[in-house]
Amino acid sequence: AQRVTQPEKLLSVFKGAPVELKCNYSYSGSPELFWYVQYSRQRLQLLLRHISRESIKGFTADLNKGETSFHLKKPFAQEEDSAMYYCALGPYGGATNKLIFGTGTLLAVQP
Amino acid sequence: GAVVSQHPSWVICKSGTSVKIECRSLDFQATTMFWYRQFPKQSLMLMATSNEGSKATYEQGVEKDKFLINHASLTLSTLTVTSAHPEDSSFYICSASRPGAGTGELFFGEGSRLTVL
């Protein structure tokens with residue numbers, strides 16, 4: 001079965017500390033992995049996707065097929081990074097943009 | 001660009017009534033929109049895929065007669081919760097894929113909170 005697991009509901013760090021938001025997945029085939037972010041009182045938006053191999057706002061994520069993981073990392077957290085982060089997996093059900101979302105991790109960056 | 005808007009943002013209704021939620025793509029045409037339901041502190045649960053000009057595709061376990069989806073134009077999809085009951089109270093979110101955007105790049109609405117009394 002296709003599944004996305006984010007084991008941490010809440011991750012609290014101090015400003016300047018490294019951040020790693022964990023995401024593990026289960027998928028038969030070649031998955032595409034994404035990280036979406038929701039800042040306070042804003043809508044959900046795409047942060048980055050594994051296929052682009054990009055760094056957005058200092059965040060990176062590497063797809064590790066051996067460990068079936070797609071952890072989101074940032075070396076030095078900023079207060080403005082505080083948000084809800086969702087890992088997502090697709091495609092499934094034969095539709096390109098159908099995604100499965102994890103339960104989300106709330107990142108709280110303390111001053 | 002790529003703005004998706006939902007209306008209403010919140011709605012309170014009496015048990016047994018029907019409620020319609022609209023999802024509009026404001027600056028692009030969306031042949032496909034998705035409807036999700038989110039329970040407190042839980043993930044987004046995909047309810048259905050809304051296809052312009054054809055019937056919606058519902059996920060397993062979602063009652064199609066309960067949650068009516070209509071995608072009458074390239075910029076509008078509606079979700080109607082029929083004969084709503086308190087257990088239908090939830091946060092409903094829509095998203096749309098924009099032509100030319102990357103795979104998996106979805107544009108989300110701000111969500112609609114439904115409270116059924």
Side-chain angles (χ1 to χ4, degrees), chain A residues 1-10 21 23-25 27 29-54 56 61 63 70 83-106 108, chain B residues 1-7 9-10 23-26 28 30-52 54 56-62 71 77 91-113:
Chain A
Q2 294 143 340
R3 187 167 53 244
V4 178
T5 303
Q6 293 180 251
E8 303 145 325
K9 289 188 182 296
L10 170 67
L21 299 168
C23 172
N24 288 90
Y25 67 90
Y27 190 83
S30 296
E32 294 194 41
L33 276 297
F34 310 86
W35 277 99
Y36 275 79
V37 61
Q38 187 170 28
Y39 300 102
S40 179
R41 298 180 183 177
Q42 294 187 29
R43 63 194 69 198
L44 205 59
Q45 58 185 292
L46 178 66
L47 178 62
L48 56 78
R49 68 193 97 187
H50 93 268
I51 201 168
S52 300
R53 303 185 69 81
E54 55 201 347
I56 302 293
L63 179 61
F70 188 57
M84 194 73 176
Y85 291 81
Y86 293 92
C87 183
L89 165 71
Y92 89 104
T96 304
N97 288 310
K98 280 180 72 170
L99 303 180
I100 300 172
F101 287 85
T103 49
T105 298
L106 178 62
Chain B
V3 177
V4 175
S5 178
Q6 281 182 243
H7 177 81
S9 300
W10 57 270
C23 178
R24 292 182 185 274
S25 55
L26 299 185
F28 66 99
T31 54
T32 304
M33 291 183 172
F34 301 94
W35 285 96
Y36 308 81
R37 183 173 179 176
Q38 187 175 35
F39 294 99
K41 299 182 181 180
Q42 294 191 30
S43 184
L44 286 78
M45 183 193 78
L46 179 65
M47 299 174 65
T49 303
S50 175
N51 304 297
E52 188 270 334
S54 64
T57 305
Y58 290 82
E59 295 301 304
Q60 191 173 11
V62 178
H71 196 150
S77 176
F91 196 57
Y92 293 89
I93 307 172
C94 72
S95 72
S97 54
R98 180 177 62 87
T103 299
E105 183 170 12
L106 299 176
F107 299 91
F108 283 81
E110 58 269 65
S112 301
R113 183 165 300 285

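Chain letters run A, B, ... following the sequence lines, proteins first, then strands; residues in each count from 1. Keep in mind that the numbers below use all heavy atoms, side chains included, and drop hydrogens, waters and symmetry copies.
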How far apart are the closest heavy atoms of E105(B) and L46(A), and which atoms are they? CG-CD2, 3.7 Å

Side chain, backbone, both or neither: which part of Y86(A) has an atom under 4.5 Å from a heavy atom of chain B? side chain

Just by modelled atom types, is the S43(B) backbone N or O under 3.5 Å from a matching donor or acceptor in the T103(A) side chain? no

Do you know which of M84(A), R41(A), E32(A) has the most heavy-atom pairs with chain B at a distance under 4.5 angstrom? E32(A)

Is there a side-chain contact between L106(B) and L99(A), using heavy atoms and a 4.5 Å cut-off? yes

Over 12 foreign heavy atoms within 6.0 Å of CG, L26(B): yes

Side chains of K98(A) and E59(B): closer than 4.5 Å at any heavy-atom pair? yes

Nearest 0.5 Å, please: how far is OH in Y36(A) from CZ in F108(B)? 5.5 Å

